[in-house]
Protein chains: 2
Amino acid sequence: MDAVAILQEIAPESLSLVENRYRILAAIHALAPVGRRTLAQALGQSERSLRRELDRLKELGLLDSNHHGVFLRTEGFRLLGSLQVLIRDSHDIGSLERDLQVSLGLNRLIVVAGDSDKDSFVKTELAKAAKRYLVEVLHNGDVLAVSGGTTLSEVGQAFGPGSIGRKVTVIPARGGLGEDVNIQANSVAARLAQGLGGTYRLLHAPDTVEPAFLKTLLSEPRIRHVIALIRRADVLLHGIGTAEEMAKRRGLDEEQLMHLISEGAVGEAFGYYFDPKGSIVFATSSVGLQLEDLARIPRKIAVGGGRSKAWALLSVVSAGYCDVCITDEGAARRLMSLIKKREETENGN
Amino acid sequence: MDAVAILQEIAPESLSLVENRYRILAAIHALAPVGRRTLAQALGQSERSLRRELDRLKELGLLDSNHHGVFLRTEGFRLLGSLQVLIRDSHDIGSLERDLQVSLGLNRLIVVAGDSDKDSFVKTELAKAAKRYLVEVLHNGDVLAVSGGTTLSEVGQAFGPGSIGRKVTVIPARGGLGEDVNIQANSVAARLAQGLGGTYRLLHAPDTVEPAFLKTLLSEPRIRHVIALIRRADVLLHGIGTAEEMAKRRGLDEEQLMHLISEGAVGEAFGYYFDPKGSIVFATSSVGLQLEDLARIPRKIAVGGGRSKAWALLSVVSAGYCDVCITDEGAARRLMSLIKKREETENGN
DNA sequence: TCCCACAGAGACCAAATTCGTCCCACTATG
DNA sequence: CATAGTGGGACGAATTTGGTCTCTGTGGGA
């Protein structure tokens with residue numbers, strides 16, 4: 001019998017204690033050096049109770065503090081890694097992964113512990129998992145197409161300052177969107193290329209294009225070059241958004257958004273809006289990756305986490321347009337219950 | 001990194017919680033059905049704080065209660081076994097065993113978790129360990145000589161009502177001593193023989209005999225028969241007592257006891273009193289096992305636990321008259337520190 | 001048949017701990 | 001030099017924990 005299972009049976013409260021301390025350590029690791037108040041806010045705990053835990057952890061020699069704030073000691077950092085697998089164990093994420101992978105019919109599903117909605121550092125873990133997977137599957141000479149978004153941007157940052165010497169070509173799958181430069185597909189492509197040790201191309205085009213201008217854009221040689229690369233990409237790495245969030249980022253007004261939602265759109269990926277069953281309810285007219293290109297790409301990886309994105313994940317995955325999914329526990333558990341409910345109602349009929 | 005080690009680092013208090021609950025479960029298992037007050041006394045805890053733990057454990061479905069008292073549910077019993085190895089792990093008893101075995105120059109040292117002085121149920125665990133070892137080493141046709149004492153009596157009780165079909169001959173190593181029939185070597189021999197599935201012989205003689213009467217006793221054919229068996233015993237299983245305790249049990253008066261102690265006696269085994277270095281400071285004149293018989297016996301097992309018996313264990317083991325020792329953590333740790341101190345003073349010279 | 005010892009459950013008050021919420025001195029940073 | 005952020009301290013309220021007593025029920029022994 002596993003030690004964690006025993007603990008679960010005889011002293012479950014001790015496991016929640018450990019879990020909370022893990023969250024604290026992880027948050028500190030992400031934010032260090034950070035003050036009590038900021039940390040308390042990030043963790044959604046009261047300052048006082050957090051302080052007590054911090055004092056204990058300090059006693060245990062896992063962290064230390066100075067006038068900049070608290071930060072992990074090397075012992076704490078070491079422990080953080082061990083804790084991660086412990087938490088995975090205690091949450092039984094392994095079987096969650098397996099079950100959900102089968103239910104969704106994916107080639108591969110990776111779930112990291114935690115919920116991005118509750119803890120921002122989980123997004124970093126998600127990004128690290130994506131990085132590991134990329135490193136695993138990419139070969140020299142491969143073409144990697146990437147989308148934009150906050151999650152993808154994190155994936156880029158998960159690569160440290162150095163490079164790992166993987167000679168790949170990274171290209172943006174879609175055009176520019178919104179105002180934040182850091183989350184543009186172009187930026188992500190550049191960052192990933194640097195981290196991987198490869199080269200990148202930029203797609204100088206907006207994400208949404210009036211059909212009338214498409215032709216003009218496509219006449220541009222450099223754009224056509226990138227688009228040709230997209231069509232023969234070996235790996236596609238894209239984020240997943242809720243319909244609402246992406247509609248707002250695209251600057252759709254209230255009326256258009258209402259229309260989208262009334263059509264049943266819950267998720268978005270590479271410019272397409274999906275309903276829960278995976279049907280496309282709206283497609284942005286754009287240069288870059290088109291739906292028909294997907295079939296040619298052998299490996300399509302979706303990355304996205306947080307309980308709030310469960311519906312979006314469900315819609316995109318149901319479409320069958322991706323075969324690898326990297327998400328977090330919050331989303332995965334919600335997804336699981338959604339699927340169960342769906343099956344129940346289907347059996348009910 | 002082991003889960004227990006992680007817990008130790010990040011939440012040591014949770015481990016003491018688990019340990020306490022283990023003690024409670026173990027005590028209940030030994031005493032069930034038992035009332036709160038009796039249990040609190042057995043564990044040396046206040047009734048109130050024990051009640052809280054009992055309520056929690058009841059919530060967890062590990063135990064239940066009726067008007068007879070509390071008792072383990074099957075889940076609790078299952079968990080008890082798993083907990084035992086967990087506690088062993090967390091106390092690092094494996095390395096304690098190894099280190100001490102080397103320090104004492106034993107062929108085999110077995111340490112069970114806990115301290116017989118503090119928890120009576122540890123004695124039961126000690127007995128179970130002794131039973132397991134006996135079952136491991138005894139073969140059909142072997143002759144097993146046993147001493148008396150409370151610990152040995154427990155070993156006998158560790159065998160259930162059935163027998164395990166080991167055709168051995170069990171004999172008492174020494175004569176009768178004191179008033180309690182259950183802890184006589186004769187009783188232990190009978191009980192063990194029944195548990196093992198073998199036969200036994202009784203030694204109808206007192207433990208201490210005036211030298212003048214020895215000859216008379218030895219002329220008795222049945223006594224001579226048993227003594228002959230003792231001399232060719234394959235395994236000797238004996239308890240270990242503190243000098244004081246055994247002197248009292250033998251009815252020595254205050255003066256004789258003071259004399260023994262002034263001579264440095266700290267431990268007793270099969271009628272011989274040893275000082276800390278293992279020298280014999282006093283020997284009872286007796287029928288039964290003699291010192292010179294020991295060399296002929298290939299396997300000599302000493303059983304005894306409790307922090308208070310550390311000195312006694314040290315003295316008996318130092319003598320080199322036993323090669324296997326089964327004890328508990330309380331005694332073992334104390335023993336370890338005694339040995340370390342001794343080494344330090346030796347190095348100091 | 002009765003009685004008593006021991007069982008669990010409940011109650012109540014004191015002590016300890018935890019928690020929320022301030023304030024304060026300090027220090028990098030702009 | 002102002003400011004925003006830091007750790008640390010303080011203090012009363014709230015909660016939890018601990019100690020002790022009582023009550024009722026029950027089963028075993030006289």
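Residues of residues 35-42 of chain A having a heavy atom closer than 4.0 Å to DNA chain D, listed by number: A/Gly35, A/Arg36, A/Arg37, A/Thr38.
For the pairing with B/Met246, the side chain to side chain contact (heavy atoms under 4.5 Å, CB included) check across B/Glu244, B/Lys248, B/Arg250 returns one residue only, B/Arg250.
A/Ser308 and A/Asp117 form a side-chain donor-acceptor contact under 3.5 Å, judged by distance and modelled atom types alone. Between the side chains of B/Gln41 and B/Glu47, not a single donor N or O lies within less than 3.5 Å of an accepting N or O. If you check the side chains of A/Asp328 and A/Ser116, you find a donor sitting under 3.5 Å from an acceptor. In the model, A/Ser49 has a side-chain atom that pairs as donor or acceptor with a side-chain atom of A/Ser46 under 3.5 Å.
Atom P of nucleotide C/dA9 and atom CG of B/Asp55 are separated by 7 Å, given to the nearest angstrom. Regarding B/Glu53, its CD atom lies at a distance of 13 Å from the P atom of D/dG19, rounded to whole Å. Separating the CG atom of B/Asn66 from the C1' atom of C/dA9 is a distance of 14 Å, rounded to the nearest angstrom. In this structure, CZ of B/Phe71 is placed 20 Å from P of C/dC6, rounded to the nearest angstrom. The nearest whole Å value for the distance from the CG atom in B/Leu50 to the C1' atom in C/dA9 is 14 Å. Going from atom NE2 of B/His68 over to atom P of D/dT26 covers 11 Å, rounded to whole Å. B/Leu54 places its CG atom 15 Å from the C1' atom of D/dG18, with the value rounded to the nearest Å. With rounding to whole Å, A/Glu47 atom CD is found 10 Å from D/dG7 atom C1'.
The phosphate of D/dG19 (OP1 or OP2) has a side-chain N or O of B/Ser46 nearer than 4.0 angstrom. OP1 and OP2 of C/dG8 both lie 4.0 Å or more from every side-chain N or O belonging to B/Ser65.
Ring geometry for A/Tyr22 versus A/Phe121: interplanar angle over 60°, hence perpendicular rather than tilted (30 to 60°).
Here the side chain of A/Arg51 is nearest to one of D/dG27, D/dG8, D/dG19, namely D/dG8. Comparing D/dG19, C/dT27, D/dT26 by their closest approach to the side chain of A/His67 singles out C/dT27. Counting only heavy atoms from C-beta on, B/Arg48 has its side chain closest to C/dA11 among D/dG8, D/dA10, C/dA11. The side chain of B/Arg52 lies closest to D/dG18 when the candidates are D/dG18, C/dG20, D/dG8.
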Evaluation steps, salt bridge (charged side-chain N to carboxylate O under 4.0 Å, His left out), between A/Arg52 and A/Glu59: CA-CA 11 Å; A/Arg52 212 167 54 84; A/Glu59 271 177 38; over 6 Å; no
